[in-house]
Number of protein chains: 2
Amino acid sequence: MAPSEPSSADDLVAGLRRAGLRVTAPRRAVCAVLASAGEEHLTAADVAGRTGAAVDLSTVYRTLDALEGLGMVQHVHLGHGAGAYHVGPSEDHHHLVCEECGRTVDVALETLQRAIEGVTAPLGFVPDAAHFAIVGRCAACAGG
Amino acid sequence: MAPSEPSSADDLVAGLRRAGLRVTAPRRAVCAVLASAGEEHLTAADVAGRTGAAVDLSTVYRTLDALEGLGMVQHVHLGHGAGAYHVGPSEDHHHLVCEECGRTVDVALETLQRAIEGVTAPLGFVPDAAHFAIVGRCAACAGG
DNA sequence: CTCTCTGCAAATGCTTTGCAAACTC
DNA sequence: GAGTTTGCAAAGCATTTGCAGAGAG
């Protein structure tokens, strides 16, 4: 399946507008940064930085929060550092986070999803795929 | 299935001693709390609280860190809140953490393990089972 | 007695919040 | 013009660290 294209800046902006939220310069900037980052994981500070420091960090958090509420952005907490945000609808892809280099790889996978549900369903547990990360060591750090 | 018994307070203390670390009253207290919590996930503050506030938070962190270094305690970061610590060696069981009530259920599962490896192996990624948690909503919170 | 550990307090890093001014619709 | 947003600054958590005194071996 062709993974649905990550939302473009315009899509994000349109989403804000559709939700009745106002489209302001700072929000446009944040949307542009997110869209250009693709699937890359950015911290709030990264986003703020890429807007050319034109947007206050608190505003970035508020905007990210709004977008997340619309389901157009996801955020995860990996290890100790700051939370990571990235565009994308609630797709079925999971994050593999390297404990050593901190790099993140994501995999779109049904098998895993099905296996997880096979475990959680009997327990009545509803897994949140978006918030799901597998920690370990990536090829580079593990292999040597 | 009888999951291998979590370490007892004595085991933890013995571990410290074996590592050449000193066995002090605060450390004993932390070990006792961890042992009595079983597989429950505790934040550093929880641990401090259960010692009867007899142990300073910074000391709790230092002790937890020491025990983690010995591989007798694991810690994970779930969602936004504080990190969660719990006793236990690197077993092959995973944690289902409820975002709403914070309760944790653990499942010892091969299917899941195999599915995960099926995904990560091709990428050369080495998953760390102990650090692995599935976030979602438990039956009580999801079902209503 | 020597060296580690503890408690206190201050510092740090990430995120949130109060509020008046700026801006969107 | 009405009501949402912004930026600034300060507050709020979780966690770490410096240091002198207390305690373990």
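Quick note on labels: first sequence line is chain A, next is B, and so on, each numbered from 1.
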Query - Heavy-atom closest contact (B:Ala48 atom, B:Leu57 atom, distance) - result: CB-CD2, 4.2 Å
Query raised in the report: Do the rings of A:Tyr61 and A:Tyr85 sit parallel, tilted or perpendicular, given the 30° and 60° boundaries?
Result: perpendicular
**Report entry** Set of side chain to side chain donor-acceptor pair (under 3.5 Å) partners for A:Thr43, sequence neighbours left out
**Finding:** A:Asp46
Query raised in the report: What's the closest nucleotide to the B:Thr63 side chain, out of C:dT15, C:dT6, D:dG7?
Result: C:dT6
Report task. Respond yes when some side-chain nitrogen or oxygen of B:Arg62 is under 4.0 Å from OP1 or OP2 of D:dT16, and no when none is. Result -> no
Report task. Classify the nucleic acid contact of B:Ala54 as base, sugar-phosphate or nothing, counting any heavy atom under 4.0 Å across all strands shown. Result -> sugar-phosphate
Report summary line: side chain to side chain donor-acceptor pair (under 3.5 Å) filter on A:Asp56, not counting sequence neighbours, yields A:Ser58
Report summary line: If each end axis of the helix from C:dC1-D:dG25 to C:dC25-D:dG1 is fitted on five C1' pair positions, the angle between them, to 10 degrees, is 30°
Report summary line: When rounded to whole Å, the NE2 to P distance for the pair A:His75 and C:dC14 reads 14 Å
Report summary line: In short, B:Ala44 meets B:Val60 closest at the heavy-atom pair O-CG1, 3.6 Å
Report task. Not counting sequence neighbours, which residues clear salt bridge (charged side-chain N to carboxylate O under 4.0 Å, His left out) with A:Arg62? List them please. Result -> none
Report summary line: On a heavy-atom basis, the closest approach of A:Leu12 and A:Ala35 is CD1-N, 4.3 Å
Could you give the side-chain donor-acceptor pairs of residues 19-32 of chain A under 3.5 Å, partners two or more places apart or in another chain?
unit_1	atom_1	unit_2	atom_2	d
A:Thr24	OG1	A:Arg27	N	3.4
A:Arg27	NH1	A:Arg22	O	3.0

Report summary line: Between CG of A:Leu42 and C1' of C:dC14 the distance, given in whole Å, is 16 Å
Query - Rounded distance in Å - CG (A:Leu57) to C1' (C:dT17) - result: 14 Å
Query - Rounded interatomic separation in angstrom, taking CG from B:Leu64 and C1' from C:dT6 - result: 16 Å
**Report entry** Interatomic distance where CZ belongs to B:Arg27 and P belongs to D:dA22 [whole Å]
**Finding:** 19 Å
**Report entry** Heavy-atom side-chain proximity of A:Arg17 to A:Val13 below 4.5 angstrom
**Finding:** yes
Report task. Just jot down the side chain to side chain donor-acceptor pair (under 3.5 Å) partners of B:Thr59, sequence neighbours excluded, or say none. Result -> none
Query raised in the report: Does B:Tyr61 have a side-chain nitrogen or oxygen under 4.0 Å from the phosphate oxygens OP1 or OP2 of D:dT15?
Result: yes
Could you list all N or O pairs between the protein and nucleotides 22-25 of chain C that sit under 3.5 Å apart?
unit_1	atom_1	unit_2	atom_2	d
C:dT24	O2	A:Arg22	NH1	2.7
C:dC25	OP1	A:Val23	N	3.4

Listing time: all N or O pairs from protein to nucleotides 9-11 of chain C that are below 3.5 Å?
none

Query raised in the report: A:Leu42 versus A:Arg50: any side-chain heavy-atom pair under 4.5 Å?
Result: yes
Query raised in the report: Quick one: A:Asp65 CG to C:dC14 C1', roughly how many Å, whole number?
Result: 14 Å
